[in-house]
J.: 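Below is one structure. I have some questions about it.
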Amino acid sequence: MFELSTPSDWYPTCAVFDCDGVLLDSESTWQEVQDELCAHYNVTFDAETEDALVGSAAIDFAKTLAEFSQPEGASAEEKKAHEKSVIDHVFEVESEMLKRDIDPVEGSLETIAKLSRIIPVAVASNSSGELLTHKMQTFGFDQYLTTWVSADDVKNPKPSPDMYLEAVRRLGGDPQYALTVEDSKAGARAAQGAGTQTMIYVGHGETGAQGNGIFSSFNDPDFQAQIDEWLEKSEANK
């Protein structure tokens, strides 16, 4: 599947990718981690809360988990201590996540490498800074990236546009000429809120995210042909 609705004369001068679920096949693993943590604290989220947490930062999940698991009748001081304990626990478990079975999404590394030969490329992720750096270095993306932006680098993580605006700024680009790739509704809202042209990756199934295009495989010949066309235009107009 490949669909595109960007203007015919448009081409990117920089690119920014989400990480989990786009570059790394880790969304299902993170969901498993969240399920395990919810079971540990005997918490069940309602459907609205679950939907709001899809694609959210670990800190947002941790604060929500702490809120839902607060002991009844706890004092303000006890609530604060409980929240800190839960947040510390979530970050500890998140940092152990890479020891599980996680692989790069097929074709993602090669696509990043191709783009980076012509335009600067970044990653924008709701992961913590330390964890995102570990991911980029462990799976070899770091050699092709100009920068990466984590939840620690901005005031507000996705779905706020802050992260994509910061990434494009670091790349020296203009948001309207930035290609972004996302898979979640929260991420797509962030990317489009920043004014970028957003492709939605649906290799693991559609999430309801809306963008300027959609593709189901980095190895799709039509998708790769479009990237080649964009890069030719970008190089010719440098």
J.: Should V22 and I119 be regarded as members of a common hydrophobic cluster, given that ILVMFWY residues are connected when their side-chain heavy atoms come within less than 4.5 Å of each other, either directly or indirectly?
T.: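 In one cluster: yes.
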
J.: Rounded to the nearest 0.5 Å, how far does CG of D142 lie from CD1 of I112?
T.: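 So the CD1 of I112 and the CG of D142 are separated by 11.5 Å.
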
J.: Can a salt bridge be assigned to the pair D228 and K114 using a cut-off of 4.0 Å between side-chain N and carboxylate O?
T.: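 Counted as a salt bridge, because a side-chain N and a carboxylate O are separated by less than 4.0 Å.
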
J.: Testing the 3.5 Å rule here: is there a donor-acceptor pair between the side chains of D46 and T49?
T.: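 On atom types as modelled, these side chains qualify, holding a pair under 3.5 Å.
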
J.: Using modelled atom types and a 3.5 Å cut-off, is there a donor and acceptor pairing between side-chain atoms of Q70 and backbone atoms of K79?
T.: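 Yes; judged by distance alone, with no hydrogens or angles, the pair exists.
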
J.: With a 4.0 Å cut-off, would you call E229 and K233 a salt bridge?
T.: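 Yes.
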
J.: Would you check, one step at a time, whether the test side chain to side chain donor-acceptor pair (under 3.5 Å) holds for T198 with Q210?
T.: CA-CA 8 Å; T198 308; Q210 300 294 314; over 6 Å; no

J.: Taking the basic N atoms (NZ, or NE/NH1/NH2) and the acidic carboxylate oxygens, is any pair closer than 4.0 Å for E166 and R169?
T.: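 Salt bridge present between E166 and R169.
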
J.: To the nearest 0.5 Å, what is the distance between CE on M136 and SG on C19?
T.: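 Taking CE in M136 and SG in C19, the distance rounds to 3.5 Å.
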
J.: Evaluate whether atom CD of E110 has more than 12 neighbouring non-hydrogen atoms of other residues, nucleotides or ligands under 6.0 angstrom away.
T.: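 Yes - once you tally the heavy atoms of other residues, nucleotides and ligands closer than 6.0 Å, there are more than 12.
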
J.: What orientation do H40 and H89 show, parallel under 30°, tilted 30 to 60°, or perpendicular over 60°?
T.: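 Perpendicular: the ring planes of H40 and H89 meet at over 60°.
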
J.: May I ask whether L231 and V16 are part of the same hydrophobic cluster, defined by side-chain heavy atoms of I, L, V, M, F, W, Y residues being less than 4.5 angstrom apart, directly or through others?
T.: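 No; V16 is not reachable from L231 via cluster members.
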
J.: Any donor-acceptor pair under 3.5 Å linking the side chain of S127 with the backbone of L132?
T.: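 No; zero donor-acceptor contacts below 3.5 Å.
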
J.: Is there a path of hydrophobic side-chain contacts, each under 4.5 Å between heavy atoms of I, L, V, M, F, W or Y residues, that connects Y11 with F17?
T.: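 Hydrophobic grouping puts Y11 with F17.
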
J.: For Y177, is the OH atom crowded, meaning more than 12 foreign heavy atoms sit under 6.0 Å from it?
T.: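 Atom OH in Y177 is not crowded, with 12 or fewer foreign heavy atoms closer than 6.0 Å.
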
J.: Taking atom CD of E106 as the centre, report whether more than 12 heavy atoms of other residues, nucleotides or ligands fall under 6.0 Å from it.
T.: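 Atom CD in E106 is not packed in, count stays at 12 or less.
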
J.: Hey, mind stepping through S184 and T207 against side chain to side chain donor-acceptor pair (under 3.5 Å) and telling me if it holds?
T.: CA-CA 6 Å; S184 70; T207 62; over 6 Å; no

J.: Measure the shortest side-chain to side-chain distance between F2 and Q226 over non-hydrogen atoms and say whether it is less than 4.5 angstrom.
T.: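 Side chain of F2 against side chain of Q226, heavy atoms only: contact under 4.5 Å found.
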
J.: Any luck finding a side-chain donor-acceptor pair between D162 and S160 under 3.5 Å?
T.: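 Result is yes, a qualifying pair exists.
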
J.: Under a 3.5 Å distance rule, please check whether D25 uses its side chain to pair with a backbone N or O of P104 as donor and acceptor.
T.: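 Not at all, since once roles are kept as given, no pair shorter than 3.5 Å links the two residues.
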
J.: Other residues, nucleotides and ligands only: do more than 12 of their heavy atoms fall within 6.0 Å of CD on E50?
T.: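 Counting neighbours around CD of E50, more than 12 heavy atoms of other residues, nucleotides or ligands fall under 6.0 Å, so yes.
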
J.: Determine whether W148 and S125 satisfy the following criterion, side chain to side chain donor-acceptor pair (under 3.5 Å), listing intermediate values before the conclusion.
T.: CA-CA 8 Å; W148 48 88; S125 169; over 6 Å; no

J.: Mind checking what makes ring-ring contact (aromatic ring centres under 6.0 Å, His included) contact with Y201, not counting sequence neighbours?
T.: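 With neighbours one apart ignored, the set is H204, F215, F218.
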
J.: With a 4.0 Å cut-off on N to O distance, would you call E182 and K158 a salt bridge?
T.: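 The answer is yes: the pair qualifies as a salt bridge.
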
J.: Do T180 and Q192 get their side chains close enough for a donor-acceptor pair, meaning under 3.5 Å?
T.: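 Short answer, no.
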
